[in-house]
Amino acid sequence: MASPNRNARSAVVIGRLLGIAFLICFGTGVYSHLLQDPLPGMRFPTRPVQLYQFTQGLHITAGIAIIPLLLAKLNTVMPALAQDPPVRNVLHFLERASIAVFVAASIVQVATGLVNTFQWYPWPFPFRQVHYALAYVIIGSLVIHIGAKLRVISRYWRKRDSYDADGRFVHDDTVGSELPAYDATAAYPRGITGRVMRWADGAEPNRASHPEPTAGRRERIARRGFFTGIAAATAGVVVLTAGQSSKLAEPFNVFAPRKRHIGPNGLPVNRTARAAGVLATATAADWSLTVAGPAVTRMFSRAELVALGTTEAALPISCVEGWSQMATWKGVRMRDLLRAVQADPSSHVRVTSLERHGGYRIMDMGPEYASDPTTLVALELNGATLDLDHGFPARIIAPGRPGVLQTKWIAKIEVLS
């Protein structure tokens, strides 16, 4: 409990890693949000076609890495969190309030984000909106926290300024660190707190005294073991889950909710036709796709779509839950369909699914995607007819977009502008 690992230098090192992970999650998360809810006039790159596969895979991987790093950070600063008295003045209260908000929001964010990868929502609030809002709460409270601790961070940023020649941590009272100086010879506190600490450490009533050089060596060994444990835990959770989006880590994909190449057409499925309630309408003999242009509206059967001419494209399906996989799609180019109704190939279009419910049954697509030669109304997947659970009779596939925007079981395409 009174560990040499619990010092300002350890807090700064782990804090740096946490800060990097949170910034990666924030940047990639905002990008994913804007793809789904773009601001007026926004356009997005369609190359490389695996851009969203990379950014969202990085988002989920960094988010999972935050879990052991956050636990390590809380372990390191625990003496400061449990200080007595808990608040000394108004400024101290504001500082600790920002820490409380940051810690609480971070725990909720990573816990709900992890559960979201399994598509399990045991809460009454909308996940995506709350996840997005909490991201700003976390970044804002993180900025306040860094500002409050800037003197401590600057003092212990470099290793050589943090330890003496024997490896002992150099405690500096002038920078305002709330972590107490480690004393290997100090007695435990009185009362129940001291008893709990002695029980946790498996120690005698008073700590044994060690010669100064020996104490420094013991501190170095303790620190190395502590950081080795953190590195192993972080690398472990990353390697054992990154295989759902990374081909390199695929052989080690133990804990991720999706396995690549498993499912109909050799591709995982997030939402089945049964869950979407389209079993009857998607397989109806009279299904047709309505394409409505500014002046001309046409209805195409599946055979008529094939007769327009099909194109093959290698594009990934990349889901917001983090899994992704490259696949070969075959279908009609969106721009060819737009030309068939005398519309500009660089039009803003709206796609409507056969689904009757769900937040993504209607999807808007910007002109950068509609005009791209690899954006298809897909009819085949990996050399076979599109499976019903993958969107038969026709679905959208476009480069660099989230899977929720690759609308399945499409019924109508409208030209908006």
Side-chain angles (χ1 to χ4, degrees), residues 1-22 66-88 92 95-96 98-100 102-103 106 142 144-189 193-194 196-203 206-234:
M1 294 296 290
S3 168
N5 305 318
R6 295 194 176 102
N7 58 51
R9 168 64 184 173
S10 296
V12 169
V13 171
I14 300 171
R16 281 199 304 239
L17 297 174
L18 262 179
I20 292 169
F22 273 117
I66 283 173
I67 297 172
L69 290 174
L70 185 60
L71 293 173
K73 176 77 171 183
L74 292 174
N75 179 286
T76 300
V77 301
M78 185 167 56
L81 297 178
Q83 65 182 263
D84 184 34
V87 177
R88 296 192 297 270
H92 189 234
E95 178 190 333
R96 291 179 68 80
S98 71
I99 293 172
F102 173 70
V103 172
S106 298
L142 181 60
I144 294 172
H145 180 58
I146 290 172
K149 296 294 184 182
L150 196 56
R151 290 178 64 203
V152 179
I153 294 170
S154 301
R155 171 66 177 81
Y156 293 108
W157 186 262
R158 298 185 300 182
K159 181 179 180 180
R160 67 186 183 188
D161 297 332
S162 306
Y163 303 106
D164 64 17
D166 294 320
R168 296 186 300 265
F169 175 71
V170 179
H171 184 76
D172 189 345
D173 288 323
T174 64
V175 295
S177 173
E178 295 178 317
L179 290 171
Y182 174 69
D183 184 356
T185 65
Y188 285 93
T193 301
V196 170
M197 291 174 70
R198 283 196 296 272
W199 172 82
D201 290 345
N206 290 310
R207 299 188 184 90
S209 177
H210 301 285
E212 292 297 306
T214 304
R217 181 171 61 83
R218 289 169 63 88
E219 286 188 35
R220 282 198 300 269
I221 293 171
R223 287 194 299 270
R224 288 170 182 168
F226 181 57
F227 281 101
T228 299
I230 295 169
T234 305

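Annotation for Tyr156 and Arg9: closest pair O-NH1, 3.0 Å, computed over non-hydrogen atoms. Across every non-hydrogen atom of Val152 and Gly176, the tightest pair is CG2-C, 4.1 Å. Nearest heavy-atom pair across Ala72 and Ile230 is CB-CD1, 3.6 Å. Minimum heavy-atom separation, Arg6 to Pro79: CD-CD, 3.4 Å. Nearest heavy-atom pair across Ile66 and Ala21 is CG1-CB, 3.5 Å. When all heavy atoms of Ala148 and Glu95 are compared, the pair lying nearest together is CB-CG, 3.8 Å.
Every residue was checked against the side chain to side chain donor-acceptor pair (under 3.5 Å) condition with Thr76, not counting sequence neighbours, and none meets it. The salt bridge (charged side-chain N to carboxylate O under 4.0 Å, His left out) search around Arg158 returns Asp161, not counting sequence neighbours. Under the ring-ring contact (aromatic ring centres under 6.0 Å, His included) criterion, Phe226 pairs with no residue at all, not counting sequence neighbours. For Asp173, the salt bridge (charged side-chain N to carboxylate O under 4.0 Å, His left out) test picks out no residue, with sequence neighbours left out. Remark: Thr174 pairs with Asp172 by the side chain to side chain donor-acceptor pair (under 3.5 Å) rule, at least two apart or across chains. The salt bridge (charged side-chain N to carboxylate O under 4.0 Å, His left out) test applied to Lys73 returns no partner, not counting sequence neighbours.
Phe22 contributes atom CZ, which lies 6.0 Å from atom CG of Leu70 (distance to the nearest 0.5 angstrom). Rounding to the nearest 0.5 Å places OG of Ser162 at 12.5 Å from NE2 of His171. Here Leu71 contributes atom CG and Ile67 contributes atom CD1; the two are 8.0 Å apart, rounded to the nearest 0.5 Å. From Leu81, atom CG reaches atom CG of Leu74 across 6.5 Å, with rounding to the nearest 0.5 Å. Atom CZ of Phe227 is separated from atom CG of Leu17 by 8.5 Å, given to the nearest 0.5 angstrom. The distance from the CD atom of Glu178 to the CZ atom of Arg96 is 6.0 Å, given to the nearest 0.5 Å.
Because its NZ or CZ atom is not both nearer than 6.0 Å to the ring centre of Phe169 and within 45° of the ring axis, Arg223 does not count as a cation-pi partner of that residue.
Of the possible polar contacts, none joining the Arg217 side chain to the Asp166 backbone as a donor-acceptor pair under 3.5 Å is found.
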Check against side chain to side chain contact (heavy atoms under 4.5 Å, CB included), Asn7 and Tyr163: CA-CA 11 Å; Asn7 58 51; Tyr163 303 106; 4.2 Å; yes
Stepwise side chain to side chain contact (heavy atoms under 4.5 Å, CB included) check, Asn75 with Asn5: CA-CA 9 Å; Asn75 179 286; Asn5 305 318; 5.8 Å; no
